[in-house]
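Inspection log for the structure reproduced underneath, given as structure tokens.
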Amino acid sequence: MFDKIFCIARQRGIGMLVFLLAVAPVTAWADLTINLIAVNPDEQGKEIDVKYHLPRELEPQDVVDTGPLKVDYDVDRSLYFVYGTVPFGPKESKTFRVKVRDVWVITREEVDILKNQLDQSFDQIKNLEESRNAAIVRDQINDHLDRILVQQQTYSDNIERRIEQYRAYKEEMDQIRNNVYSIDYLVRQSRELEELDLNKTVKLVLEVQNPSKKEEKTVEQKHYLPKEIREEDVIDGKGFDVRFDDKKGMAYLTKKETFQPAEIKRYEIVLKDVWTFPLSKVNDVELRAKEAYQEISEDPAFAESGKYLYDSMVNKLAELRSSQQESLPVQQHIGLYRVNTERYAKAEEDLKKLEEMLAILRAKKLDEMEKGKVKNVLQRLRALRGLAALSEAIFKRGISVTMVWRIIFGTLMFVAFFTTINFFVWAKRSGSMGEEKRAKPREPIQEVPKPGAEPNKS
């Protein structure tokens, strides 16, 4: 089975190239083969330069076999390409087959892993107040993943449409892959969901006229949609097919239709309103910035720069908030959403700078603490070195026998003197203590009663 997704014929002066893409039966998503047909149109034999830029998703490891051609990288276009100089006979044509991996596939295995991770993330927050909306967000993501798989299977025998759909949803798939492991992602999305009206729609009006006033014409229409719109956001397409232009990064409506002479047709395309900016994102960014600035403002070295960044960010977010209160026509509504998206992106940049500044400040404090610890350690080392010097002076220096006996007799004399003084002090205190309690001559000895007992008065 072969699908022609690239058919480029161009006269190169020395030959003509036609590029075809061939794909084996797609039940197993097999490798693809790009067929390059080069033709020498001249009556004389010559060498022809063959060059073909590979699709942008392909990397060197994805190129399985290039035949006689080589692989190189185009710095200007940021693409890999195959090339070679090949001899041709008169009027000869040659086919070059470049075998590549089918990288335009989202596997069921990956989808199941992403869904399982979503469930695990949800289990961590199912007891929070955001759990109800988080469950809705999880189900929406699961439905979106299933829809992508269905579309992929629908276009399994049409490689051009499958690559087109892969590119249309690549950005969203990357966002899911990057965020599905974060518990905060579900919480943030659930808060945003509270602000969005999922049933809100807008109408895009199209008018098409047959330019001929005398002849009937069949016109293949092509109308680009706003860049935020994807196929699932088209609620009522009025019979148009929704396609995706990966070069422009925009979906478009297309339909072949017959017009009578000078006929005008009017279409009201109903789209999901995806241009409401959730203020919960604004609140989260502002809260993080406030916490960072409070700590930064305490350091004179960073306070002025921190204040400038914080004030700049707060002003952008204030403009974003106030603009959300306005009710505007569709075109201005879309324009305002894009302006607010830019405001939010710039506010995030200011927040990033604030948090980098905070990280530097905390590193500085930590460094000072570590230096203080090192200073204490050095002081202790110096003290130990002093003790070591004293020890060396006393114990490592040679001591004479006379000096040893002097130390012994001195110690004994000090102990004897101290013991004698202690004995006389003890004797004096024991002779004077308890005089008022001792028995008088011929007086009977009094019995000391037990604690709590009545004294004997007899």
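Below, each value reflects all heavy atoms present in this structure, side chains not excepted, and no hydrogens, waters or symmetry copies.
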Could you go through the side-chain contact (heavy atoms from CB on, under 4.5 Å) check for Leu309 and Met357 one step at a time? CA-CA 10 Å; Leu309 287 172; Met357 192 179 296; 3.8 Å; yes
Salt-bridged, Asp146 to Lys115, with N to O below 4.0 Å? yes
Does CD in Glu172 sit with more than 12 non-hydrogen atoms of other residues, nucleotides or ligands closer than 6.0 Å? yes
Tell me whether Ser131 contacts the main-chain N or O of Asn127 through its side chain, where contact means a donor paired with an acceptor under 3.5 Å. no
Please determine whether a side-chain nitrogen of the Lys or Arg among Lys200 and Asp273 lies less than 4.0 Å from a carboxylate oxygen of the Asp or Glu. yes
With rounding to the nearest 0.5 Å, note down the distance linking CE in Met250 to CD1 in Ile229. 10.5 Å
Considering only heavy atoms from C-beta outward, does the side chain of Asp49 approach that of Tyr83 to under 4.5 Å? no
Of all the heavy-atom pairs spanning Val98 and Thr66, show the shortest one and how long it is. CG1-CG2, 4.3 Å
Spacing of CG belonging to Leu336 relative to NE2 belonging to His333, to within rounding of 0.5 Å: 8.0 Å
Ignoring hydrogens and angles, tell me if any N or O in the side chain of Ser297 forms a donor-acceptor pair with the backbone of Lys307 under 3.5 Å. no
Please examine the side chains of Phe302 and Ile360, heavy atoms only from C-beta on, and report whether any two atoms are closer than 4.5 Å. yes
What are the two closest heavy atoms between Asp62 and Glu57, and how far apart are they? OD2-O, 3.9 Å
Side-chain ion pair, Glu232 and Lys272, N-O less than 4.0 Å: no
Is the backbone N or O of Asn210 less than 3.5 Å from a side-chain atom of Lys265, with the two atoms forming a donor-acceptor pair by type? no
Ion pair check, Glu319 and Lys316, cut-off under 4.0 Å: no
Any salt bridge between Glu268 and Arg266, counting N to O under 4.0 Å? yes
Counting only heavy atoms not in Arg338, do more than 12 fall under 6.0 Å of its CZ? yes
Backbone of Phe244 reached by a side-chain donor or acceptor of Glu164 within 3.5 Å: yes
Ring of Phe240, cation from Lys255 - is the NZ or CZ under 6.0 Å from the centre and inside 45° of the axis? yes
Rounded to the nearest 0.5 Å, what separates atom CG in Leu149 from atom OG1 in Thr107? 8.0 Å
On a heavy-atom basis, which atom in Pro226 and which in Trp275 lie closest, and how many Å separate them? CB-CZ2, 3.7 Å
Should the pair Lys365-Asp299 be classified as a salt bridge under the 4.0 Å nitrogen-to-oxygen rule? no
Heavy-atom side-chain contact between Leu225 and Val234 under 4.5 Å: yes
Give a yes or no on whether the backbone of Leu32 and the side-chain of Asp102 come within a donor-acceptor separation of less than 3.5 Å. no
Beyond-backbone contact of Gln189 with Gln140, side-chain heavy atoms, under 4.5 angstrom: no
Heavy-atom closest contact (Arg161 atom, Val242 atom, distance): NH2-O, 3.8 Å
Atom pair CZ/CG of Phe96 and Leu36 - distance to nearest 0.5 Å: 8.0 Å
Within this structure, what is the CD-OG1 distance for the pair Gln260 and Thr258, rounded to the nearest 0.5 Å? 8.0 Å
Under 3.5 Å, is there a donor-acceptor pair between the side chain of Ser312 and the main chain of Tyr308? no
Can you confirm whether Tyr224 is buried at OH, in the sense that more than 12 heavy atoms of other residues, nucleotides or ligands lie under 6.0 Å from that atom? yes
Closest approach of Val39 and Phe88, non-hydrogen atoms and distance? N-CE2, 4.5 Å
With heavy-atom distances below 4.5 Å as the criterion, would you say the side chains of Trp104 and Leu58 are in contact? yes
Side chain to side chain donor-acceptor pair (under 3.5 Å) for Gln152 and Tyr169? Distances and angles first, verdict last. CA-CA 11 Å; Gln152 183 174 261; Tyr169 292 101; over 6 Å; no
Check this for me: does any side-chain nitrogen of one of Asp174 and Lys170 sit under 4.0 Å from a carboxylate oxygen of the other? yes
Should the pair Asp112-Arg108 be classified as a salt bridge under the 4.0 Å nitrogen-to-oxygen rule? yes
What are the two closest heavy atoms between Ile296 and Gly306, and how far apart are they? CG2-CA, 4.1 Å
Could you walk me through whether Arg230 and Val274 pass the side-chain contact (heavy atoms from CB on, under 4.5 Å) check? CA-CA 10 Å; Arg230 291 295 177 266; Val274 298; over 6 Å; no
Give the C-alpha distance, both sets of side-chain angles, the deciding distance and a yes or no for side-chain contact (heavy atoms from CB on, under 4.5 Å) between Gln294 and Lys290. CA-CA 6 Å; Gln294 285 178 345; Lys290 185 176 181 180; 3.8 Å; yes
Which distance, rounded to the nearest 0.5 Å, do you find between the NE2 of His53 and the CG of Asp72? 9.5 Å
Strictly below 4.0 Å, N to O, side chains only: are Arg321 and Glu286 in salt-bridge contact? yes
Val282 side chain reached by Phe277 side chain, heavy atoms, under 4.5 Å: yes
Check Asp236 with Lys238, please: is the shortest side-chain N to carboxylate O separation under 4.0 Å? yes
Between Tyr185 and Ile141, is any pair of side-chain heavy atoms under 4.5 Å apart? yes
Where do Gln221 and Phe259 land on the side-chain contact (heavy atoms from CB on, under 4.5 Å) test, with the steps shown first? CA-CA 11 Å; Gln221 303 180 54; Phe259 284 73; 3.7 Å; yes
Would you say Arg162 and Val105 make side-chain contact, with heavy atoms under 4.5 Å? yes
